[in-house]
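Contents: one structure, followed by commentary.
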Amino acid sequence: MIKKILIGLGILVILIAAFILSYFFYFTRLASPEANLHFENQDVQVDINYCQPSKKGRLLFGNASEGALVPYGKYWRLGANQATEIEFKKAVLLNDVKVEAGKYRMYAIPNKDFWIIRLNSQLGEWGAIEPDYSLDVAETKVPTKSTEETELFKMTISEVSNGALLIMKWDQTLLEIPLQSVN
């Protein structure tokens, strides 16, 4: 009899845990929806998968002592939920840094006047887990610009005369990263 009660309790615990986990994943995806970005012209072919967090009245960028969500000088996955991934179908110059064709984890180290954007070969990570930095394959420094306040983190790609321009906007911060084909 005790064995049946323990088995029943075990099943109940498993069902409750499954419900809590599915509830957590469902609502984190609602709060930070997934976005898929595809761009292709004759020079640049790129796909980006990321999740879009909202500002929700929070201090986003600043010093850790101020309670910033994304402190200066610290790893940020460029979104929410799973790590942001970027795929180049052909080799490109990412802000003058050569990147071979392939799929990479893309993340940032924000600072007040510039961000360091890095690409890493470690894929498939969930959450704010920092990458194995020894697997970084590219790094570039990008100046920040001020812009109108943007509630939802957004990436876009625009065609320009010599390739494309990857644009990132959140809060009052704007980054523009040139993408050019490697000839």
Side-chain angles (χ1 to χ4, degrees), residues 17-40 44-62 64 66-89 92 94-95 99 101-111 114-133 135-140 142 144-158 164-177 179:
F19 174 77
I20 290 170
L21 286 173
S22 63
Y23 180 84
F24 170 76
F25 285 114
Y26 174 75
F27 282 104
T28 58
R29 290 195 185 275
L30 282 180
S32 301
E34 188 172 342
N36 298 299
L37 182 59
H38 173 78
F39 177 86
E40 185 173 334
V44 177
Q45 298 173 10
V46 61
D47 289 297
I48 301 175
N49 297 312
Y50 69 106
C51 291
Q52 300 177 282
S54 296
K55 181 176 177 179
K56 298 178 188 170
R58 301 177 285 188
L59 172 64
L60 297 182
F61 305 110
E66 300 171 312
L69 181 66
V70 182
Y72 292 143
K74 302 288 185 186
Y75 163 84
W76 181 45
R77 61 190 157 191
L78 283 173
N81 302 337
Q82 70 266 15
T84 295
E85 293 183 353
I86 187 167
E87 182 174 11
F88 300 107
K89 304 296 183 184
V92 297
L94 176 75
N95 198 30
V99 178
K103 191 172 191 176
Y104 304 98
R105 176 182 189 171
M106 183 169 64
Y107 67 94
I109 310 289
N111 291 282
F114 67 92
W115 286 15
I116 297 170
I117 302 294
R118 291 182 178 164
L119 302 182
N120 185 288
S121 61
Q122 185 179 23
L123 299 172
E125 296 297 324
W126 175 267
I129 299 167
E130 292 188 39
D132 177 347
Y133 295 111
L135 299 176
D136 285 354
V137 297
E139 175 180 304
T140 188
V142 181
T144 60
K145 297 179 181 181
S146 293
T147 187
E148 73 282 352
E149 187 169 314
T150 304
E151 174 68 23
L152 196 66
F153 176 63
K154 185 157 180 85
M155 291 189 204
T156 57
I157 300 178
S158 299
L165 193 62
L166 171 57
I167 301 164
M168 297 181 202
K169 288 173 67 172
W170 200 23
D171 192 17
Q172 296 177 331
T173 302
L174 169 77
L175 278 84
E176 297 176 324
I177 307 170
L179 301 171

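Sequence positions, counted from 1, serve as the residue numbers for this chain. Values reported hereafter were calculated over all heavy atoms of this structure, with side chains retained and with hydrogens, waters and symmetry mates removed.
Contact between Gln82 and Arg77 at its shortest, heavy atoms only, is O-CD, 4.4 Å. The shortest non-hydrogen separation linking Met106 to Leu78 is CG-CD1, 3.6 Å. In terms of heavy-atom proximity, Thr144 sits nearest to Asn111 at CG2-O, 4.2 Å. Of all the heavy atoms in Asp47 and Lys89, the pair that sits closest is OD2-CE, 3.3 Å. Nearest heavy atoms, Ile157 versus Ala164: CG2-CB, 3.7 Å. Contact between Phe61 and Ala68 at its shortest, heavy atoms only, is C-CB, 3.9 Å.
Between atom CG of residue Asn81 and atom CD of residue Gln52 there is a gap of 11.0 Å, rounded to the nearest 0.5 Å. Once rounded to the nearest 0.5 Å, the distance linking CG of Leu119 with CG of Leu94 reads 5.5 Å. Rounding to the nearest 0.5 Å places CG of Leu37 at 8.0 Å from NZ of Lys154. Taking CD of Glu87 as the start and OH of Tyr104 as the end, the distance is 9.5 Å to the nearest 0.5 Å. From Phe88, atom CZ reaches atom CG of Leu179 across 5.5 Å, with rounding to the nearest 0.5 Å.
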**Request:** Just do the salt bridge (charged side-chain N to carboxylate O under 4.0 Å, His left out) check on Arg118 and Glu139 with the steps written out, would you?
**Result:** CA-CA 4 Å; Arg118 291 182 178 164; Glu139 175 180 304; 2.8 Å; yes
**Prompt:** Hey, mind stepping through Val46 and Leu166 against side-chain contact (heavy atoms from CB on, under 4.5 Å) and telling me if it holds?
**Reply:** CA-CA 10 Å; Val46 61; Leu166 171 57; over 6 Å; no
**Message:** Could you go through Ser54 and Glu151, starting from their C-alpha distance and side-chain angles, then the distance that decides it, and tell me whether this counts as side-chain contact (heavy atoms from CB on, under 4.5 Å)?
**Reply:** CA-CA 5 Å; Ser54 296; Glu151 174 68 23; 3.5 Å; yes
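In this view, Glu40 and His38, Gln45 satisfy the side chain to side chain contact (heavy atoms under 4.5 Å, CB included) rule, not counting sequence neighbours.
When atom types are taken as modelled, the side chain of Asp171 and the backbone of Thr173 share no donor-acceptor pair closer than 3.5 angstrom. Between the Thr150 side chain and the Lys169 main chain, no donor and acceptor come within less than 3.5 Å of each other.
Glu34 is listed as a side-chain neighbour of Asn36, based on a closest heavy-atom distance under 4.5 Å.
Of the residues listed (Thr84, Asp136, Asn120), the one engaging Tyr107 in a side-chain hydrogen bond (donor to acceptor under 3.5 Å, both in side chains) is Asp136, and it is the only one.
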Under 3.5 Å, sequence neighbours excluded: what are the donor-acceptor pairs made by side chains of residues 69-76?
unit_1, atom_1, unit_2, atom_2, d
Tyr75, OH, Arg105, NH2, 2.9
Tyr75, OH, Ile129, O, 3.4
Trp76, NE1, Gly79, O, 3.3

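With respect to Glu149 and Lys55, a salt bridge is recorded, a charged nitrogen being found less than 4.0 Å from a carboxylate O.
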